[in-house]
2 protein chains.
Amino acid sequence: MPKPTFLNLPPDKRRRFVDAALNEFALHDYRAASVGRIVDAVGIAKGSVYQYFDGKLDLYRYLVDLAAETKFRHIDAARAGDAPDFFSQVRQAAFHGARFDFGEPRHASLLYHATYEPSTPETLEVSSRLRAASHAYLRGLVDAGIARGDLRPDLDRDMTVYVIYQQIVALRDFLTDRFGFSFQDAVHAGAGLPIREEELGAVLDELIAVLRHGLAPG
Amino acid sequence: MPKPTFLNLPPDKRRRFVDAALNEFALHDYRAASVGRIVDAVGIAKGSVYQYFDGKLDLYRYLVDLAAETKFRHIDAARAGDAPDFFSQVRQAAFHGARFDFGEPRHASLLYHATYEPSTPETLEVSSRLRAASHAYLRGLVDAGIARGDLRPDLDRDMTVYVIYQQIVALRDFLTDRFGFSFQDAVHAGAGLPIREEELGAVLDELIAVLRHGLAPG
DNA sequence: GGCGATTATGACCGAGCGGTCATGTGACTG
DNA sequence: CAGTCACATGACCGCTCGGTCATAATCGCC
């Protein structure tokens, strides 16, 4: 948890600090991220960081929570009421999730790193909470989907959640490959990534079709 | 590439060194892995490592190649001639791949880390080669599967490879959750992980069924 | 203006890292 | 026995890291 000093910061200074920290943790995983580089980028003294947070881990936790909350809120806000069935819902969530990722590459890369963070004792709790939140969200969709008859009733629900989750997370890698994007470059440039909504939609249509009907013909 | 000195090593000593190095890179990702801990575990001087390899990266490359080769050979060797269609082939490869992972948790964890290694300039080439090899293998299966009529002919082949690849890689996480395994503990204990082949088979049947027919009813 | 509380600072610390290299050791050769 | 060569060694180097703390600057209030 941030210390009171951090919360009392002038909004502009706080924003600049969060920006720089986001940048650092987007470019490097937890262990490789450097407090020194953050303070250099912001132009403050190293000691200040420890007036704001208990330490590097505390700062990391704050940023991951912030990014996750922001992204979830974005997805929720964009959710129209017109997604009646399971596959439309997944498509919609994936679509707006990907749009968020391309628009906010720093948040996206931070969350990406947090997802694949090697499970050290320090960072395990952060990664677990992040994964658990995504799984819980999908689990709700899957349960409702089965109840509604959108999904086969005999599905292994945990496995279904895993399958969907993996595909959504891997979407970043796939789009990166297909369109030649580089999140690293985008973070460095401080800019968003260009993505044509029709192209993203086409990819998602294909992916959802595979999830719905499988790979076999007929 | 290992230096000649390494290749001239007495087999027992070489084996002990490789074991310790495998352990270290299975427990930590590239950056966090420590040459000092390896030499402590083996009981040799730090300088010796630099008589064997050009540096940490060279050692890492050697280990990843070794583990990948070993695993691929294992999968290939276990491949019976009786997998006539695409889905049987994927099932068989995933089955023997998982068996290998559980039997050799150090190799498995090393490859897992290498797969998700944050793409620093140093390690990028190693991770890319590893991913490329898996993708090429699956791409061959997919192409043949489409030609044979096992798969819908209008599939996006790259995406199909991605979907399959992600599911196979994620299998480790799913099995870990479901059966309460810990690869970290197994590496520490230096032992393999127990897995009942019927349980693994059941999970794979379910997963392949989803890939084949999708999540929708009917 | 003055005073107590809050915040900013950066030199400093101990630890760990990858990597080096002068020196030592031992085994084989002629 | 002397000489050569491959190999082993660990003290040492330069660097970066997270984190600390005495001190200084700044702010808010009366």
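In what follows, every chain begins at residue 1, and chains take the letters A, B, ... in the order their sequences are listed. We use all heavy atoms of the structure for the numbers below, so side chains are in, but hydrogens, waters and symmetry mates are not.
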Tell me what A:A32 touches on the nucleic acid: a base, only sugar-phosphate, or nothing, going by heavy atoms under 4.0 Å.
-> nothing

Rounded to the Å, how far apart are B:K13 NZ and D:dA6 P?
-> 17 Å

Which residue lies more 5' along DNA chain D, comparing B:Q51 with A:E122 via nearest heavy atoms | B:Q51

Should the ring pair B:F53 and B:Y62 be called parallel, tilted or perpendicular, given that the plane angle runs from 0 to 90° and is split at 30 and 60?
-> tilted

Contact under 4.0 Å: B:N8 side-chain N or O vs D:dC7 OP1/OP2 | yes

Base C:dG19 paired with B:K56 side chain (donor-acceptor, <3.5 Å) = no

Grab the CG-P distance between B:D40 and D:dT9 for me, whole Å please.
-> 12 Å

Among B:Q51, B:K13, B:R16, which one satisfies side-chain contact (heavy atoms from CB on, under 4.5 Å) with B:I44?
-> B:K13

In terms of side-chain heavy atoms of A:V35, which of D:dG18, C:dC17, D:dT9 is nearest?
-> D:dG18

Check whether any side-chain nitrogen or oxygen of A:Y52 sits under 4.0 Å from OP1 or OP2 of C:dA8, and answer yes or no.
-> yes

Do B:H135 and B:Y165 have ring centroids that are under 6.0 Å from one another?
-> yes

At under 4.0 Å between heavy atoms, what does B:T5 touch on the DNA or RNA strands: base, sugar-phosphate, or nothing?
-> sugar-phosphate

A:G55 or B:A45, whichever maps to the more 5' nucleotide of DNA chain D | B:A45

Could you state the atom-to-atom distance from CZ of A:F6 to P of C:dT6 in whole Å?
-> 19 Å

Short side-chain N/O contact from A:K3 to OP1 or OP2 of C:dT7, under 4.0 Å = no

Can you tell me if B:R157 uses its side chain to pair, donor with acceptor, with the backbone of B:R139 under 3.5 Å?
-> no

Indicate yes or no for a side-chain donor-acceptor contact from A:E24 to the backbone of A:A33 under 3.5 Å, with no hydrogens or angles considered.
-> no

From C:dG19, D:dG19, C:dT9, pick the nucleotide closest to the side chain of A:I44?
-> C:dT9

Between A:F183 and A:Y112, does the ring centre distance come in under 6.0 Å?
-> no

Between B:G47 and B:Y30, who's closer to the 5' end of DNA chain C by nearest nucleotide?
-> B:Y30

Residue closer to the 5' end of DNA chain C, A:S48 versus A:R31 (nearest nucleotide) = A:S48

Looking at B:Y50, does any N or O in its side chain come under 4.0 Å of the phosphate oxygens OP1/OP2 on D:dT9?
-> no

Roughly how many Å is it from NZ in A:K46 to P in D:dG18, rounded to a whole number?
-> 6 Å

Separation of B:D58 atom CG from C:dG19 atom C1', in whole Å?
-> 14 Å

Does B:R37 make a side-chain N or O approach to OP1 or OP2 of C:dC17 shorter than 4.0 Å?
-> yes

What is the distance from CZ of B:F53 to C1' of C:dG18, rounded to the nearest Å?
-> 16 Å

Check the distance between D:dC17's C1' and A:L57's CG and give it to me in whole angstrom.
-> 16 Å

